[in-house]
Amino acid sequence: MASNPQANDDWLARAERMAERMRVRGFDYVMRNGGGYLSQICSSAEIFSYLYLRGLHIGPSEAPMVPEPFAGNPGQANPDYENGGLYNGPRTADFDRFYFSPAHYALVLYVALIEAGRLGEEALEAFNTDGSKVELIGAEHSPGVESTTGSLGQALSQAIGVAMARRHKGESGNTWVMMSDGEFQEGQTWEAIQCASHYGLGNLAAIVDVNAQQCDGPMETVMTIEPLAQRIRAFGGEAVEIDGHDMAAMDNAYRNRAADRPLFILARTDPTRGVPLMNERKVLHYLRFSSEEEKARYAREFETMKAESQAWNS
């Protein structure tokens, strides 16, 4: 299934339904497995839905609907190795390339691939199990992941190198990066923005889940990154701040980007969207149930979300 930027008919309605289904599927997995990265699903569902149904210009998946077991690291002695980027289609001059930076968002990415018809829903049964490519923290063999991004902040630098090479080769496809706001606490990110701005990489677009949370709690209590847009502009990038659940705003920012500067879409999101019960927590990074009573309350919250989603999608 290839994304088609010219298909203007009902893409937004389809993308909104996909985002809601993503939250339900991700929340269901978290409940069945006793915890997980739920806030990331809540905050970024629209980002991934937009990318796979509208933003990314990519061809059909070249990978199996259910990934084969991990066959080892790439190398001449391992002809069976498959890169996870195959789920994003062929690497041709006119198609976009997608770099997935916050590897702990892997569950969100897999759910997006399922809802976009690029990955079988049964693939989630192997999530975070020994020998599986469907890893808890996405790596270069995981579905939808073209390159292991290591510590926070490395995918942007990788994507810049690719964007520069593609421009040098005269390729028309753009290079996308999905980032989390915690990466702007990393010095490498700012060096990368400076580099991309210096070389005028208008073929590079980053969309950032600005959910104001990181592993130790709210960003402002750990190390603030604000005013983020102003700082990006000071380094020469183009920054557009939007409601991170408004996919029409995402599309408008991308379609009207500057031709000579890297674009950073700052999608300000709600990390508890659809699950208001999480507002009771001080740290949202990873959901662990403190008691059976708390798990039962989240189970009721899930049933409410599922019922509302079914009514909305009917």
Go through the steps to decide whether E171 and R97 satisfy the test salt bridge (charged side-chain N to carboxylate O under 4.0 Å, His left out), and finish with yes or no. CA-CA 11 Å; E171 296 186 358; R97 299 279 287 275; 5.5 Å; no

What's the verdict on side chain to side chain donor-acceptor pair (under 3.5 Å) for S44 and Q40, showing C-alpha distance, side-chain angles and the deciding distance? CA-CA 6 Å; S44 68; Q40 292 82 358; over 6 Å; no

Under the salt bridge (charged side-chain N to carboxylate O under 4.0 Å, His left out) rule, what do K133 and E68 come out as? Steps first, then yes or no, please. CA-CA 7 Å; K133 295 177 181 176; E68 297 292 333; over 6 Å; no

Would you sort out whether R54 and M250 count as a side-chain contact (heavy atoms from CB on, under 4.5 Å), showing the intermediate values? CA-CA 10 Å; R54 177 71 170 176; M250 294 178 197; over 6 Å; no

T129/V134 under side-chain contact (heavy atoms from CB on, under 4.5 Å): CA gap, chis, key distance, verdict: CA-CA 8 Å; T129 60; V134 190; over 6 Å; no

N83/R91 under side chain to side chain donor-acceptor pair (under 3.5 Å): CA gap, chis, key distance, verdict: CA-CA 12 Å; N83 178 264; R91 299 173 183 173; 2.7 Å; yes

Side chain to side chain donor-acceptor pair (under 3.5 Å) evaluation trace for Q158 with S147: CA-CA 8 Å; Q158 295 172 15; S147 177; 2.6 Å; yes

Please evaluate residues F264 and E238 with respect to the criterion side-chain contact (heavy atoms from CB on, under 4.5 Å), reporting the C-alpha separation (whole Å), side-chain torsions for both, the decisive distance (0.1 Å), and the verdict. CA-CA 6 Å; F264 292 83; E238 179 182 13; over 6 Å; no

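Rounding to the nearest 0.5 angstrom, the gap separating the CG atom in D270 from the OG atom in S43 is 8.5 Å. Distance check, rounded to the nearest 0.5 Å: CG of N33 to CG of L287 gives 12.0 Å. Rounding to the nearest 0.5 Å places CG of L86 at 6.0 Å from CD of E62. For the atom pair OG of S180 and CD of Q214, the computed distance is 9.5 Å after rounding to the nearest 0.5 Å. Between the CD atom of E241 and the CD1 atom of I232 there is a distance of 8.5 Å, given to the nearest 0.5 Å. In this structure, CG in N174 is found 11.0 Å from CG in D94, a value given to the nearest 0.5 Å.
A single hydrophobic cluster is seen to contain both L263 and F98, as judged by linkage of ILVMFWY side chains at heavy-atom distances under 4.5 Å, directly or through other members. Under a hydrophobic clustering in which Ile, Leu, Val, Met, Phe, Trp and Tyr are joined whenever their side-chain heavy atoms come within less than 4.5 Å, directly or via other members, V162 and L51 fall into different clusters. Hydrophobic clustering, with ILVMFWY side chains joined whenever heavy atoms are under 4.5 angstrom apart, keeps V283 apart from Y37. Under the 4.5 Å side-chain heavy-atom criterion for Ile, Leu, Val, Met, Phe, Trp and Tyr, M247 and M178 are members of the same hydrophobic cluster. Residues M164 and I193 share a hydrophobic cluster, clusters being chains of Ile/Leu/Val/Met/Phe/Trp/Tyr side chains in contact below 4.5 Å.
E294 and R288 are not joined by a salt bridge, as no carboxylate oxygen comes within less than 4.0 angstrom of a charged side-chain nitrogen. Ion pairing between a basic and an acidic side chain is recognised when a charged N comes within 4.0 Å of a carboxylate O; K295 and E292 show no such pairing. Salt bridge absent: E20 and R17 never bring a charged side-chain N and a carboxylate O closer than 4.0 Å.
Relative to the six-membered ring of Y254, R257 meets both conditions, a distance below 6.0 Å and an angle of at most 45° to the axis.
Here the side chains of Y87 and Y110 are not in contact, with every heavy-atom distance at 4.5 Å or above. Residues Y105 and L107 form no side-chain contact, since every pair of their non-hydrogen atoms from C-beta on lies 4.5 Å or further apart. Looking only at side-chain heavy atoms (C-beta outward), E226 and E220 stay at 4.5 Å or farther from each other. Side-chain contact between E135 and N128 is absent, with no heavy-atom pair separated by less than 4.5 Å. R297 places none of its side-chain heavy atoms less than 4.5 Å from the side chain of E301. The side-chain heavy atoms of Q185 and M219, taken from C-beta on, include a pair separated by under 4.5 Å. The side-chain heavy atoms of F184 and L228, taken from C-beta on, include a pair separated by under 4.5 Å. Side-chain contact between Q213 and H285 is absent, with no heavy atoms from C-beta onward closer than 4.5 Å.
Taking all atoms of both residues into account, the shortest heavy-atom contact from V275 to C42 is CG2-SG, 3.6 Å. Across all their heavy atoms, A126 and S132 have their closest contact at O-OG, 2.9 Å. Of all heavy-atom pairs between C195 and I160, the closest is SG-CG2, 4.0 Å.
Between the side chains of Q188 and S157, at least one donor N or O lies within less than 3.5 Å of an accepting N or O.
Between H141 and Y81, the ring planes lie perpendicular to each other; the angle is over 60°, past the 30° to 60° tilted range. Below 30°, between 30° and 60°, or above 60°: for W190 and F235 the angle between ring planes is between 30° and 60°, a tilted geometry. Below 30°, between 30° and 60°, or above 60°: for Y29 and F127 the angle between ring planes is above 60°, a perpendicular geometry.
More than 12 heavy-atom neighbours from other residues, nucleotides or ligands sit within 6.0 angstrom of CD on E122. Open room surrounds OH on Y199; 12 or fewer heavy atoms of other groups in view lie less than 6.0 Å from it.
Of the candidates D209, I207, V208, V208 is the only one forming a side-chain contact (heavy atoms from CB on, under 4.5 Å) with M179.
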